[in-house]
Amino acid sequence: MPAYTIVTTSATEGSEAAEVNTLADEFGDVSEALGYSRRMAEEMVGMAGQLLLDFDYSNVGLYEGDLIDEDLEPDHPAFIGMWVLDNEGAAFVTAEEFAAEDAEEGAEPDPA
């Protein structure tokens with residue numbers, strides 16, 4: 001079974017600090033790992049609702065491989081995508097969508 005690494009990052013409105021947790025586990029395939037990470041994201045949204053917390057930036061990232069000892073950022077080659085959390089729920093952004101959005105933000109404005 002292939003290994004996948006899941007990174008949860010959560011920060012609440014008005015907080016300077018974020019809590020980051022990393023776990024690596026074996027799943028049958030990427031869809032199984034994606035489903036597990038989705039459930040984690042939904043649980044985080046549910047807990048925030050119960051505690052009346054507003055999200056500042058929170059996500060659950062998914063990476064291919066056992067990368068527990070590595071610094072993981074969305075530009076890592078093993079990045080599959082992430083669940084971006086807000087008070088409405090969780091939405092999945094693929095690695096390709098994230099890279100395109102990042103490139104769009106980094107592009108200089110066209111002097112028209």
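It should be emphasised that the depicted structure is a prediction, and the values quoted were computed from it without experimental measurement.
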Measure the spacing between [atom1] of [X] and [atom2] of [Y] and express it to the nearest 0.5 Å.
| X | Y | atom1 | atom2 | answer |
| --- | --- | --- | --- | --- |
| Ser58 | Glu13 | OG | CD | 10.0 Å |
| Ile80 | Thr94 | CD1 | OG1 | 11.0 Å |
| Ile6 | Asp25 | CD1 | CG | 7.5 Å |
| Asp71 | His76 | CG | NE2 | 9.0 Å |

Would a 4.5 Å heavy-atom cut-off, applied to side chains only, mark [X] and [Y] as touching?
| X | Y | answer |
| --- | --- | --- |
| Asp86 | Val84 | no |
| Leu34 | Phe92 | yes |
| Met1 | Phe27 | no |
| Met40 | Leu23 | yes |
| Val7 | Leu72 | yes |
| Pro74 | Met82 | yes |
| Ser10 | Met44 | yes |

Indicate the atoms forming the closest heavy-atom contact of [X] with [Y], along with that distance.
| X | Y | result |
| --- | --- | --- |
| Ala24 | Asp66 | CB-OD1, 3.3 Å |
| Gly28 | Pro2 | O-CD, 3.7 Å |
| Thr9 | Ala18 | CG2-CB, 4.1 Å |
| Leu62 | Ser37 | CD2-OG, 4.2 Å |

Leu85 and Tyr57: same hydrophobic cluster, using ILVMFWY side-chain contacts below 4.5 Å?
no

Transitively linked via ILVMFWY side-chain contacts under 4.5 Å: Val60 with Phe98?
no

Parallel, tilted or perpendicular: which one describes the rings of Phe79 and Tyr63, with boundaries at 30° and 60°?
tilted

side-chain contact (heavy atoms from CB on, under 4.5 Å) partners for Arg39, two or more places apart:
Tyr36

With a cut-off of 6.0 Å (strictly less than), are more than 12 heavy atoms of other residues, nucleotides or ligands near CD of Glu19?
no

Under the side-chain hydrogen bond (donor to acceptor under 3.5 Å, both in side chains) test, which residues partner Asp29, sequence neighbours left out?
Ser31

Mark yes or no for whether Thr5, through its side chain, and Leu67, through its backbone, hold a donor-acceptor pair below 3.5 Å.
yes

